[in-house]
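These notes are about the structure you will find just below.
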2 protein chains.
Amino acid sequence: MSTPGTPSFQPLYLQIKALMVKSLEAGEWRPGEAIPSDLELASRFSVSQGTVRRAIDALADDNLVVRRQGKGTFVATHTEETVSMPRFLRIRRDDGVDEHPGSRLLDVRRGKAPADVARALDLKPGEPVLVLTRVLEFGGVPVVVDEITLPAALFRGLTRAKYEAYQGSMYGFFETQFGVRMLKARERLKAIAADARTAAILGVAPGTPLLAVERVTTTYGDRPVEWRRGLSTTLHHHYLNELG
Amino acid sequence: MSTPGTPSFQPLYLQIKALMVKSLEAGEWRPGEAIPSDLELASRFSVSQGTVRRAIDALADDNLVVRRQGKGTFVATHTEETVSMPRFLRIRRDDGVDEHPGSRLLDVRRGKAPADVARALDLKPGEPVLVLTRVLEFGGVPVVVDEITLPAALFRGLTRAKYEAYQGSMYGFFETQFGVRMLKARERLKAIAADARTAAILGVAPGTPLLAVERVTTTYGDRPVEWRRGLSTTLHHHYLNELG
DNA sequence: ACTCATATCTCTTATATAAGATATAAGACA
DNA sequence: TGTCTTATATCTTATATAAGAGATATGAGT
């Protein structure tokens with residue numbers, strides 16, 4: 001019988017995985033780069049190739065690395081998402097066309113974390129944050145208004161000009177410019193009535209039902225590093241979710 | 001160079017997996033039962049135990065089977081969800097309490113598939129369907145109104161009385177009474193204004209923003225077998241989604 | 001209650017082989 | 001000589017096998 005609370009037996013390959021996560025977190029292997037080969041890692045950790053493989057499989061399951069046969073295993077990155085669909089974006093066109101939306105930054109300002117956001121971000125209420133407001137446009141039509149709150153301490157030097165100079169996705173920007181890697185997210189969806197300002201941006205009548213998506217995004221160790229709230233018209237778009 | 005269209009190389013363990021899916025689909029191994037042990041399967045398919053393991057791992061990833069160390073590998077079932085949260089239900093209370101909602105059936109009627117539903121279910125427009133209407137209640141408070149459309153051919157003999165006699169989740173009912181196993185689902189979420197009837201059921205004002213969840217549920221071979229549309233108040237509840 | 005045997009899944013190692021990617025050497029040819 | 005093509009070697013990950021030890025659950029016997 002195992003005492004509740006006692007950490008149950010952890011297989012070797014998960015221990016190896018944990019070591020590798022540390023290397024990733026410490027930046028020993030950087031996004032986009034290849035990590036050492038199976039055999040190198042096997043000798044480094046003094047385990048068999050098969051055990052290293054299982055550890056890497058687990059990392060690949062968590063989307064921390066990507067394996068490419070014949071080439072190597074690469075640290076996952078948000079900077080290669082410009083071609084495909086951003087990994088965390090679930091809004092789609094109703095007609096099924098897989099369009100990559102454009103992003104338009106409306107505003108960057110500093111502020112203090114309100115109580116609820118502070119709780120979600122593990123900050124003390126009133127700690128300095130950055131608040132970005134942006135619009136996602138499908139085919140030039142505004143569909144989503146995002147309000148993105150970031151702990152100022154992690155994103156020192158983020159300005160509107162800096163973001164606009166960057167070519168690529170927002171998470172790619174965070175990753176390359178601030179070393180903050182967005183790994184997981186938890187979203188809570190609600191339906192709300194459009195306020196006047198959002199309605200104006202989205203070109204709908206105030207009071208129109210909008211899809212509200214509140215997201216807490218985390219990095220290594222499930223540490224929350226982003227809080228955002230997106231409001232979407234769902235006249236010609238929807239939020240897609242696959243249950244498996 | 002591989003000719004486009006040529007089926008690319010398929011590893012042995014995936015072939016074994018496919019064979020096992022056939023056995024599951026054919027009902028050789030029934031929901032809740034144990035499948036043969038690793039070693040038995042290895043000898044049956046004339047491959048090593050390791051290869052069988054990988055095949056079973058793949059089945060477990062797809063939620064088709066569940067492994068229990070020391071006991072065996074069991075065919076996944078919806079009939080054991082009464083204790084835990086139903087696997088496909090994402091509506092949660094805002095206060096974080098993990099409550100299992102109650103289900104109240106309002107109506108069962110037969111009808112003909114309208115064009116859009118027919119398309120989603122791979123039926124011809126006008127083919128006979130069953131339409132169930134039910135309410136999900138959290139702590140006795142109605143939160144979701146579901147309209148569930150089923151191909152009549154697959155659910156012959158489904159009546160209100162029969163469902164109410166069954167103790168357990170709806171998918172458990174479908175599984176045990178009709179042999180239809182719900183494996184995957186694809187949901188499209190929108191925000192809409194409450195119509196008069198739904199508003200009355202949910203106890204909100206007509207026009208209140210509701211979360212609309214359209215679901216197409218599939219069984220083996222990605223064959224669609226259920227279409228449903230749920231309308232939820234999101235005053236004290238939300239739809240939870242983890243992105244990973 | 002306790003121990004023990006046994007059947008199960010789980011993990012680790014070791015060894016081969018296959019398949020994809022890439023660089024380099026060798027040869028054909030103008 | 002210079003360039004193109006082909007063959008070869010050598011990386012990489014991917015797959016398969018076999019054998020042994022560990023962990024968990026169950027039931028039989030004491």
Side-chain angles (χ1 to χ4, degrees), chain A residues 1-20 23-24 29 32-77 80, chain B residues 1-20 23-24 29 32-77 80:
Chain A
M1 164 106 45
S2 76
T3 315
T6 297
S8 57
F9 169 74
Q10 200 188 24
L12 226 200
Y13 77 93
L14 287 181
Q15 298 175 34
I16 303 297
K17 178 193 173 189
L19 292 175
M20 294 181 67
S23 288
L24 289 167
W29 309 316
E33 285 180 3
I35 68 174
S37 74
D38 288 15
L39 282 169
E40 275 180 80
L41 290 167
S43 83
R44 163 164 166 180
F45 296 119
S46 304
V47 296
S48 73
Q49 188 195 1
T51 301
V52 165
R53 285 203 114 268
R54 299 198 63 173
I56 298 178
D57 284 345
L59 291 173
D61 283 347
D62 292 351
N63 290 310
L64 292 180
V65 300
V66 178
R67 320 190 70 145
R68 302 211 189 99
Q69 182 174 168
K71 300 189 70 171
T73 302
F74 298 82
V75 182
T77 175
E80 288 164 13
Chain B
M1 164 103 47
S2 77
T3 315
T6 298
S8 56
F9 169 75
Q10 200 188 24
L12 225 199
Y13 78 93
L14 286 182
Q15 298 175 34
I16 304 298
K17 178 193 173 190
L19 292 176
M20 295 181 67
S23 288
L24 288 167
W29 308 316
E33 287 179 3
I35 68 174
S37 75
D38 289 17
L39 282 169
E40 276 180 80
L41 291 167
S43 82
R44 162 165 169 181
F45 295 120
S46 304
V47 296
S48 73
Q49 188 195 3
T51 302
V52 165
R53 281 201 115 272
R54 300 198 61 177
I56 298 178
D57 285 344
L59 291 173
D61 283 347
D62 292 352
N63 290 310
L64 293 180
V65 300
V66 178
R67 320 189 72 145
R68 301 209 191 101
Q69 183 173 167
K71 300 187 69 172
T73 302
F74 298 80
V75 182
T77 175
E80 289 164 12

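The basis for the numbers below is simple: all heavy atoms, side chains too, and nothing from hydrogens, waters or symmetry mates.
The line from CD1 of A:Ile16 to CZ of A:Arg54 is 12.5 Å long, rounded to the nearest 0.5 Å. Between atom CG of residue B:Leu14 and atom CG of residue B:Leu19 there is a gap of 11.0 Å, rounded to the nearest 0.5 Å. Interatomic distance, CD1 of A:Ile35 versus CE of A:Met20, reported as 3.5 Å (0.5 Å rounding). Going from atom CZ of A:Arg53 over to atom CG of A:Leu39 covers 10.0 Å, rounded to the nearest 0.5 Å. Atom OG of residue B:Ser43 and atom CG of residue B:Asp38 lie 11.5 Å apart, to the nearest 0.5 angstrom.
For the pair A:Asp38 CG and D:dA14 P, the interatomic distance rounds to 7 Å; values are reported in whole Å. Nucleotide C:dA14 holds its C1' atom 10 Å from the CD atom of A:Gln49, rounded to whole Å. In this structure, CD of A:Glu40 is placed 11 Å from C1' of D:dC11, rounded to the nearest angstrom. Across the protein-nucleic acid pair, A:Arg54 atom CZ and C:dT13 atom P stand 11 Å apart, rounded to whole Å. Taking atom CG on A:Leu41 and atom P on C:dT13, their separation rounds to 14 Å, with Å as the unit. In this structure, the CG atom of B:Leu39 is 13 Å from the P atom of D:dT17, given to the nearest Å. The CZ atom of B:Phe74 sits 10 Å away from the C1' atom of D:dA25 (whole-angstrom rounding). Note: CG (B:Leu12) to C1' (D:dT15) measures 9 Å, nearest angstrom.
A salt bridge between B:Asp57 and B:Lys17 is absent, with no side-chain N of the basic residue lying under 4.0 Å from a carboxylate O of the acidic one.
In this structure, B:Thr51 reaches the D:dT17 phosphate: one of its side-chain N or O atoms is under 4.0 Å from OP1 or OP2. Under 4.0 angstrom from either OP1 or OP2 of C:dT8 there lies no side-chain N or O belonging to B:Thr73. When the side-chain nitrogen and oxygen atoms of B:Lys71 are compared with OP1 and OP2 of D:dT26, one or more of them lie within a distance under 4.0 Å.
Comparing atom distances between the A:Ser48 side chain and each of C:dC9, D:dA16, C:dT13 picks out C:dT13 as nearest. Nearest to the side chain of A:Arg53, among C:dT8, D:dT15, C:dA19, sits D:dT15. The side chain of B:Gln69 approaches D:dT24 more closely than any other nucleotide in the set D:dA14, D:dT24, C:dC11.
The stretch residues 55-64 of chain B has no heavy atom under 4.0 angstrom from DNA chain D at all.
Using a 4.0 Å heavy-atom cutoff across all strands shown, B:Arg68 reaches sugar-phosphate atoms only and no base atom.
Each of B:Val66, B:Leu59, B:Ile56 was evaluated against B:Thr73; a single residue qualifies, B:Ile56, per the side-chain contact (heavy atoms from CB on, under 4.5 Å) test.
Both A:Gly70 and A:Gly50 sit near DNA chain C, but only A:Gly50 has its closest nucleotide nearer the 5' end.
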